[in-house]
Number of protein chains: 2
Amino acid sequence: MGDRMETHTLFHTIHQLSRQLTKQVNDTLQPFGLYSAQWAVLFVLKTKGQMSQSALCEYLAVEAPPMTRTIQRLAKQGYVGQTPGEDKRVKVIHLTEKAQQAYPEWERAVLSMNDRLLECVPEEQRVFMQSLLNEWLGKMKGDLHE
Amino acid sequence: MGDRMETHTLFHTIHQLSRQLTKQVNDTLQPFGLYSAQWAVLFVLKTKGQMSQSALCEYLAVEAPPMTRTIQRLAKQGYVGQTPGEDKRVKVIHLTEKAQQAYPEWERAVLSMNDRLLECVPEEQRVFMQSLLNEWLGKMKGDLHE
DNA sequence: TACAATAGTTACCTAGGAAACTAATGGGGG
DNA sequence: CCCCCATTAGTTTCCTAGGTAACTATTGTA
């Protein structure tokens with residue numbers, strides 16, 4: 001019985017960890033006028049290159065409406081552009097020159113935050129944690145599509 | 001360099017896992033007209049007994065405003081009562097008879113969901129994951145108070 | 001007694017999901 | 001071949017969840 005109860009604790013821990021992490025990211029990005037959801041999009045665009053909005057949704061595992069909002073804010077700040085694709089329904093999102101120039105500074109801040117948060121977690125444990133969580137997430141999402 | 005990049009992935013995995021879990025909880029509780037944040041409060045009250053609102057906040061690691069909202073909704077649904085404490089500022093929250101009666105059914109639903117989600121994760125890995133995440137969270141919160 | 005600290009609320013912000021909608025695309029039947 | 005219809009990309013609206021700042025009311029203390 002004690003076993004089953006502890007599952008509540010596991011879920012709670014993950015939830016709390018997630019909130020703490022995004023709070024840290026927000027604090028780190030605040031000087032630049034950016035928020036965590038925006039950073040996630042900027043990072044993907046920088047790493048993978050330009051992408052349609054739906055591709056961004058799928059990659060970040062986020063529904064369409066929040067993505068629309070995040071991109072509209074980024075566009076208003078002049079960090080991304082939306083060009084219509086071959087298919088006239090899609091909008092291809094790309095980083096602007098302004099974003100390309102500012103990006104290194106953003107990345108420095110985020111990476112140094114990452115280092116700070118992870119310095120107390122040995123490399124080996126980090127890798128193991130990552131693989132466990134990823135495997136679990138994969139199985140969870142797999143089950144949903146059965 | 002590849003190493004540092006992977007930290008983005010770790011954070012993203014945790015974030016996504018957290019969202020998936022609360023989505024599952026919400027789906028499970030929807031038939032009862034409850035949401036995940038409410039369930040967290042009900043669970044703590046059932047497990048620990050009546051508590052002041054600020055004690056609930058601390059225990060669940062949530063700020064005061066969201067807690068006020070969650071409790072007000074629970075009160076409106078007749079699941080918790082708020083009695084003024086000795087100190088006239090505090091409100092002591094307790095489960096109503098209605099909640100006590102419905103609780104076992106809620107718990108059954110949630111526990112069976114837990115089992116379903118965790119059946120693909122070996123007991124041993126679960127325990128290890130829990131301890132790693134908890135330790136990390138503890139260190140993170142510890143650093144903030146330095 | 002004046003003042004700092006605490007409990008809780010209110011107002012406003014970001015993040016995300018569900019449902020209903022619009023516009024464009026792409027396939028079958030006639 | 002063309003039209004109707006299902007599908008898809010994005011948007012709008014409205015909901016929950018959580019955080020910050022500013023506020024009120026009470027308490028405790030210097």
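Labels below follow one simple rule: chain letters A, B, ... track the order of the sequence lines, proteins then strands, and each chain is numbered from 1. Computed from heavy atoms alone, side chains included, the values below leave out hydrogens, waters and symmetry copies.
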- In Å, rounded to the nearest 0.5 Å, how long is the span from CZ of A/R73 to CD of A/Q38? 4.5 Å

- Toward the 5' end of DNA chain D, which comes first, A/A64 or B/P66, by nearest nucleotide? A/A64

- Output every pair passing ring-ring contact (aromatic ring centres under 6.0 Å, His included) with a member in residues 57-77 of chain B, not counting sequence neighbours, ordered by first then second residue. none

- Message: Just to be sure I understand the geometry, which residues of residues 77-85 of chain A put a non-hydrogen atom under 4.0 Å away from DNA chain D?
- Response: none

- Query: Does a donor on one side chain sit under 3.5 Å from an acceptor on the other, for B/Q53 and B/T68?
  - Reply: yes

- Query: OP1 or OP2 of C/dG8 sitting under 4.0 Å from any side-chain N/O of B/T68?
  - Reply: no

- Task: Return the 5'-most residue of the pair A/R73, B/M67 with respect to DNA chain C, ranking by each residue's nearest nucleotide.
- Result: B/M67

- Proximity to the side chain of A/Y35 - top-ranked nucleotide from C/dT9, C/dT14, C/dA5: C/dT14

- Between A/D87 and B/A37, who's closer to the 5' end of DNA chain D by nearest nucleotide? A/D87

- Is there a side-chain polar atom (N or O) of A/T22 under 4.0 Å from OP1 or OP2 of C/dA15? no

- Query: Would A/T22 and B/H15 satisfy side chain to side chain contact (heavy atoms under 4.5 Å, CB included), going step by step from the backbone distance to the final call?
  - Reply: CA-CA 8 Å; A/T22 58; B/H15 190 54; 3.8 Å; yes

- Message: Side chains of B/H8 and A/T47, heavy atoms from C-beta outward: is any pair under 4.5 Å?
- Response: no

- Query: How about A/K98 and A/Q77: does a side-chain donor come under 3.5 Å of a side-chain acceptor?
  - Reply: no

- For the rings on B/Y79 and B/W106, is their centre-to-centre separation under 6.0 Å? yes

- Query: On DNA chain D, which is the earliest and which the latest nucleotide, 5' to 3', with an atom closer than 4.0 Å to a heavy atom of chain B?
  - Reply: D/dT16 to D/dT27

- Query: Does the ring centre of A/F43 sit less than 6.0 Å away from the ring centre of A/Y103?
  - Reply: no

- Note on the structure: Taken to the nearest whole Å, CZ/A/R69 to C1'/C/dA15 is 8 Å

